> 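Just dropping this structure here.
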Amino acid sequence: MTEVTQSPPDSANEPSGYDPAVVEKKWQTQWEERGTNHTDLDGGARPFYALMMFPYPSAEGLHVGNLFAFTGNDIYGRFQRLQGHTVFEPIGFDAFGIHSENYALKVGINPAELIPRNIANFRRQLKSAGLMIDWRHELSTTDPAYYKWTQWIFLELYKRKLAYRGRAAVNWCPKDKTVLANEQVIAGACERCGTKVEQRFLEQWFFRITEYAERLLANLDWIDWSESTTTAQRNWIGRSDGAEIVFRVQDLLEMAGAATVGLNVMATTAELNALATDIKVFTTRPDTIFGAMYLVLAPEHPLVDALTTDEQRAEVGAYRATAAKQDLVTRKVSKEKTGVFTGAYAINPATGHPIPIWIADYVLMEYGTGAIMAVPGHDERDFEFAKVFGLPIVRVVAPRTAHAAHVDSQNRDEHPPLEEPYLDTENAHLVHSRQFNGFSVEDAKHAIVAWLAEHGHAKRIVNYRLHDWCVSRQRYWGPPIPIIYCDKCGHVPVPESDLPVELPNVDDFRPDDSGISPLARVESWYRVPCPQCGAPARRETDVSDTFLDSAWYFLRYPSSDLPDRPFDSRMTKKWLPVNSYIGGNEHAVLHLLYSRFVTMVLHDAGHLEFEEPYAKFRAHGMIIREGAKMSKSRGNVVNPDEYIERWGADSFRTYLMFLGPYEEGGDFRDQSIAGVRRFLDRLWASTQDARRKGEPEEAVMRKLHQTIRKVSDDIPRLQYNTAIAAMMEYMNVLRAKERTPHVDEVRSLVQLVSPFAPHIAEELWERLGGRGSIFDAGWPTFDPTLAAEELVTIAVQVNGKLRGTVRLAPDMGQEDAVTAALADPGIAKFVLGPPKKVVYKPGRILSLSV
RNA sequence: GCGGGAGUGGCGGAACUGGCAGACGCGCUGGACUUAGGAUCCAGUGCCCGAAAGGGCUUCGGGGUUCAAAUCCCCGCUUCCGCACCA
């Protein structure tokens, strides 16, 4: 439990009489009874869809980070409503997945039982926070009526040949005999039993997201998203322009015998021939081909067996075995270069010289072709490797200097041996590269690929870092993948009429040593007839990735009750794409990329008219606590319940928005909430005290209109902290000493506060005689003439130093301004003669140089 | 290593397009009201010199551009986040 150090004011002695507990309860009830937060999806004009990333309903309850995100979205949504939009602000629960399953395993209760409890708790907490949610459209990804359509989406991808079976590495615990997620691997060992984890290859389902890489990348140029997020996506997609270069293996005939024996049984003869002849490498530096001194293949490269000579076979085998034993996490961490020579040679197509073929785990099978040409002179990793194994290092790129341009670049002495790889490509030219000597790196890339292409040795190619999306999970708590395996028909999709494939409610959902997925033990469930031929067949026993559940939930909200289709086309046309999406940057890549991909596929399949799901996305910042990151182990996690109880939801919300710039986050400090609470106390008091007699004061009204302008400008830009500061500033004017505010001075302030502190705003609105909900009363308009100042204060600088200020009309001319400034003795004493130079910006500054 | 941010009082943070640095809030100091104050109200609060008037200094450090720089340019330092042997 977190200790809340500061107590709220004791309401008995509270002069303003503001009791948030009473006010908030009252209005939450009223909203529910009157349906204030219900959205007229059918008839509402000017639809505005304000989406927040739905939470995973953990047993700990709502995290303050969730509330930070939701409140920011709620303010935005309420503001849009006050501007005359019909706003839809739905919520749901992302309740499938490894988190729930692991927690269920820990406490020994089936997740199907736990999740509804957690959701009930979340619902209570969300309601206590005063969010403008239309609860009639709540959804949970674990509801069969929802995941029926998650499965339907899988089949849509399958139909379009975008879902396929492939082998992929997983973390495997040999003791528990189970697959582990990356986060369950701690320092290379199973988090449950401490056994060293191995990598294993399993047949899994993949989505061909790489086919969409170019579109996913291109659209980033026009969607209105936080730049940090689009940058993260660009990096993740990782487009590289380069070339595929073919190296012919030497003494091919001799090796053919070895190939047939050694190669994987999966390979057909045709594949074998193609593979055994050539090694394809991907490079972004085809210009350095004359410096390619050796080839390196990934240890699991399918050609390795075929290439390896008898003398090297034992060593190669041992190296591959070690590499395979390494888990996926530690393999990426270890940096020292290791490797083994296969005994084989390939021909460098540029030089015609034979170069050795090595295997090493610094080459990854997953990227490019799983093989590289090593250019130790111009690549850090290759350089390091060459140093370790004493391989030759040759320079083929050299700095372009005025001197070097005129000498014979073939002259070796001109360029001493490399102490480190030479990486500059800007002011450099080629050397030791025959007819390409003197070419710039850029020109050489094109020229060399074109030259090699004449003999079929190379082609330009684009490579992506993005991999296909592996959607299989060897787990219990997820939607079963809707596929059936039949001996005769192969894999057969479950007919749409048979959806959903319901997750069986089993007592024993624990992984044990019997097999891979817990569902593989439920024979009564997985044994089914083949939908095509009727022969006995078997269901897929893996479930799909949680990211698939969340990749389409925003499509379901407006059609949440639709039984026979995933979403209604009319509703979808009216409400989508989402107008505003707010969420954390932890989802900058996976969730946001996957949902874009699924949307594009559904668009191509004719189900959607748009191909980008979120017109606008803004990433909010992270909150820390008293300067430190919040974590369970530190015990410094903010529990929203406690703060809402002690300070009220309105104060808590407003404080969250005040503690820092929304898109950057900030430091949550217990002591500081008091300031926001005081502000609301004073707002309450101002309304109670307000006089109806007489006229509002002109200067105060001027400040009010300036405040309306500021708040109206700040909210759409999510600059909530400065909007609140502006309202506080106005409050200070309103309640300057000995002053009784006029109702007209207060009413608009209550409206400005309403998106931040909705309960107190409703209450005060009612007390001021407002009819109906304040959220149906519109937004105060700002009158520029009322906000304009008659006189403005202008700073006067002499030789760049501030020497005083003068009050001037905003449109006063330069001469008059100088005269007015010099009339001030405090300024005049620094100006002895006539000023040498005068810079005057009306309404801003007067700068004199003497 | 690569990519993206950020460095401003005791603290969280303001500052539009280069134009009065420190808005707003916390904390702190003094006062009023009080049996009391961890409530409320009033005043003060960047640092240094000075009794004051006044003056000097100040936005991570160092240079530069400009009448004028937290803001623009160059060099360096620190720090947070993401990706990480991606050829």
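Not measured: the values here are computed from a predicted model. Below, chains carry the letters A, B, ... as their sequence lines are ordered, and counting in each starts from 1.
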> If the cut-off is 4.0 Å, is A:Asn721 near the phosphate of B:G25, judged by side-chain N/O to OP1 or OP2?
no
> Have a look at A:Glu729 and say if it touches a base, only the backbone sugar-phosphate, or nothing, with a 4.0 Å heavy-atom cut-off.
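Sugar-phosphate contact only - A:Glu729 comes under 4.0 Å of backbone atoms but never of a base.
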> Provide, to the nearest angstrom, the distance between the CG atom belonging to A:Leu656 and the P atom belonging to B:G12.
18 Å
> Touch check for A:Thr793, heavy atoms < 4.0 angstrom, all strands: base, sugar-phosphate only, or nothing?
base
> What contact category does A:Thr283 fall into here, base, sugar-phosphate, or nothing, at under 4.0 angstrom with non-hydrogen atoms?
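Sugar-phosphate, backbone atoms only, no base.
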> Looking at A:Arg465, does any N or O in its side chain come under 4.0 Å of the phosphate oxygens OP1/OP2 on B:C83?
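Answer is no, no contact under 4.0 Å.
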> For RNA chain B, find the residues of residues 839-849 of chain A with a heavy-atom distance under 4.0 Å and give them by number; none if there aren't any.
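Heavy-atom cutoff 4.0 Å gives A:Val839, A:Lys841, A:Arg844, A:Ile845, A:Ser847, A:Ser849.
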> Would you mind classifying the nucleic acid contact of A:Asn732 as base, sugar-phosphate or nothing, using non-hydrogen atoms under 4.0 angstrom?
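Touches sugar-phosphate only.
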> Any idea how A:Tyr594 and A:Trp469 line up, ring-wise: parallel (<30°), tilted (30 to 60°), or perpendicular (>60°)?
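Ring orientation of A:Tyr594 relative to A:Trp469: parallel.
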> Does OP1 or OP2 of B:C67 have a side-chain N or O of A:Lys801 closer than 4.0 Å?
no
> B:U65 and B:C74: how far apart are their C1' atoms, nearest whole angstrom?
11 Å
> When all nucleic acid strands are considered with a 4.0 Å heavy-atom cut-off, which category describes A:Arg234: base, sugar-phosphate, or nothing?
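If one applies the 4.0 Å heavy-atom cut-off, A:Arg234 turns out to touch nothing in the nucleic acid.
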> Taking the six-membered ring of A:Tyr422 as reference, does the cationic atom of A:Arg395 (NZ for Lys, CZ for Arg) lie under 6.0 Å from its centre and within 45° of its axis?
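Satisfied, under 6.0 Å and within 45°.
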> Reading nucleotides 4-10 of chain B 5' to 3', which nucleotides get B (base under 4.0 Å from a protein heavy atom), which S (sugar-phosphate only), which -?
S------
> Could you check whether any side-chain heavy atom of A:Asp382 comes within less than 4.5 Å of a side-chain heavy atom of A:Met293, counting everything from C-beta outward?
no
> Mind calculating the distance between CZ (A:Arg735) and C1' (B:A43) to the nearest angstrom?
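Computing the A:Arg735:CZ to B:A43:C1' distance gives 18 Å.
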> As a test of reading the structure: which of B:A23, B:G25, B:C26 is closest to the side chain of A:Met728, going by heavy atoms?
B:G25
> Answer yes or no: side-chain N or O of A:Lys337 and base N or O of B:C85 forming a donor-acceptor pair under 3.5 Å.
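Pair found.
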> To the side chain of A:Val363, which of B:A87, B:A68, B:C41 is closest?
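Shortest atom-to-atom distance from the side chain points to B:A87.
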> Under 4.0 Å between a side-chain N or O of A:Arg803 and OP1 or OP2 of B:G56?
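Yes, within the criterion.
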> Does A:Phe830 reach a base, just sugar-phosphate, or nothing at all? Heavy atoms under 4.0 Å.
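The answer is sugar-phosphate, as A:Phe830 gets under 4.0 Å only of primed atoms, P, OP1 or OP2.
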